[in-house]
Amino acid sequence: MPLFLAIHKWKKEDYMTVTRKVLEVLQSLPEDVCLCFSYIGNLEAWCIYKAKSKEAGKKVKEFFEQKIPEMETEVKPVLRFYPPSPDIYTIIHTLVATQ
């Protein structure tokens with residue numbers, strides 16, 4: 001299943017609004033998207049989402065932009081490197097194929 005890193009950012013004055021909306025929105029994520037974990041920093045969060053398709057990255061971005069316009073969201077596809085997962089073979093294959 002594809003993984004996506006979503007970087008969510010918001011302004012200090014929107015902190016309470018964004019927090020409230022995020023708690024509501026996380027209960028209604030699209031069916032084919034699952035939040036794996038989040039790291040929250042000062043006015044931003046880094047979240048890993050698992051999805052059923054590669055196109056879900058665009059869906060995650062659009063979903064959050066629509067539901068929480070006070071928050072910017074950037075989504076990038078990622079591979080899991082550590083702890084080891086099947087994604088590591090994709091990385092190894094890419095390294096060997098370019099040699």
Side-chain angles (χ1 to χ4, degrees):
M1 294 186 106
L3 294 175
F4 298 92
L5 169 65
I7 303 165
H8 305 289
K9 295 181 181 183
W10 54 91
K11 295 177 183 166
K12 186 175 183 175
E13 60 268 17
D14 294 328
Y15 181 81
M16 292 304 290
T17 302
V18 168
T19 302
R20 181 180 45 78
K21 287 184 177 183
V22 164
L23 293 173
E24 293 171 6
V25 166
L26 287 178
Q27 297 176 35
S28 63
L29 286 173
E31 280 184 26
D32 58 342
V33 175
C34 174
L35 176 63
C36 298
F37 52 85
S38 296
Y39 295 101
I40 313 245
N42 187 23
L43 305 178
E44 58 187 358
W46 304 273
C47 304
I48 296 290
Y49 295 91
K50 189 181 338 181
K52 291 183 180 177
S53 71
K54 292 181 179 182
E55 294 77 28
K58 184 177 179 183
K59 190 183 228 182
V60 168
K61 181 174 174 49
E62 291 171 353
F63 178 78
F64 279 103
E65 286 176 345
Q66 178 187 21
K67 301 285 186 178
I68 312 173
E70 300 85 357
M71 183 173 75
E72 290 180 32
T73 298
E74 179 183 1
V75 179
K76 300 177 180 187
V78 294
L79 297 175
R80 184 171 136 192
F81 183 76
Y82 190 85
S85 74
D87 290 340
I88 193 71
Y89 297 109
T90 302
I91 295 168
I92 292 169
H93 174 70
T94 302
L95 290 172
V96 170
T98 60
Q99 294 296 321

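F37 and L35 fall into different hydrophobic clusters, where Ile, Leu, Val, Met, Phe, Trp and Tyr residues are linked whenever their side-chain heavy atoms come under 4.5 Å apart, directly or through other members. In terms of hydrophobic clustering, with Ile, Leu, Val, Met, Phe, Trp and Tyr side chains grouped at heavy-atom distances under 4.5 Å, V25 and V18 are assigned to a common cluster. Hydrophobic cluster membership differs between W10 and Y39, with clusters built from Ile, Leu, Val, Met, Phe, Trp and Tyr side chains linked at under 4.5 angstrom. Hydrophobic clustering places I48 together with W46 (ILVMFWY residues linked when any side-chain heavy atoms are closer than 4.5 Å, directly or through intermediates). Connection of L29 to V22 is established within a shared hydrophobic cluster, with ILVMFWY side chains joined at heavy-atom distances below 4.5 Å, either directly or through further cluster members.
Heavy atoms from other residues, nucleotides or ligands lying under 6.0 Å from CD of E13 number more than 12.
Scanning all heavy atoms of the two residues, the minimum distance from V78 to L5 falls at CG1-CB, 3.8 Å. Among all heavy-atom pairs drawn from M1 and A51, the shortest one is CB-O, 3.3 Å. Residues P2 and K52 share a closest heavy-atom pair of CD-C, 4.1 Å. Here the closest non-hydrogen pair linking A56 and V33 is CB-CG2, 4.2 Å. Shortest non-hydrogen contact noted between F4 and P77 is CD2-CA, 3.8 Å.
Taking the six-membered ring where the residue is Trp, Y49 and H8 present perpendicular rings, their angle passing 60° and hence far from 30°.
Here the CG-NZ distance, from L26 to K67, works out to 12.0 Å after rounding to the nearest 0.5 Å. Annotation: the span from M71 atom CE to D14 atom CG amounts to 11.0 Å, rounded to 0.5 Å. With rounding to the nearest 0.5 angstrom, the NZ atom of K59 is 3.5 Å from the CG atom of D32.
Annotation: side chain of K12 is in contact with side chain of L43 (closest heavy-atom distance under 4.5 Å).
Remark: K76 engages E74 in a salt bridge (Lys or Arg N to Asp or Glu O under 4.0 Å) (not counting sequence neighbours). Taking R20 as the reference, E24 meet the salt bridge (Lys or Arg N to Asp or Glu O under 4.0 Å) condition, with sequence neighbours excluded. Partners of E70 under the salt bridge (Lys or Arg N to Asp or Glu O under 4.0 Å) rule, at least two apart in sequence or in another chain, are K21.
Checked by atom type and distance alone, the side chain of D87 never pairs as donor or acceptor with a backbone atom of L79 at under 3.5 Å. Within the 3.5 Å criterion, the main-chain N or O of F64 finds no donor-acceptor partner in the side chain of T73.
Remark: K61 engages E65 in a salt bridge, criterion side-chain N to carboxylate O under 4.0 Å.
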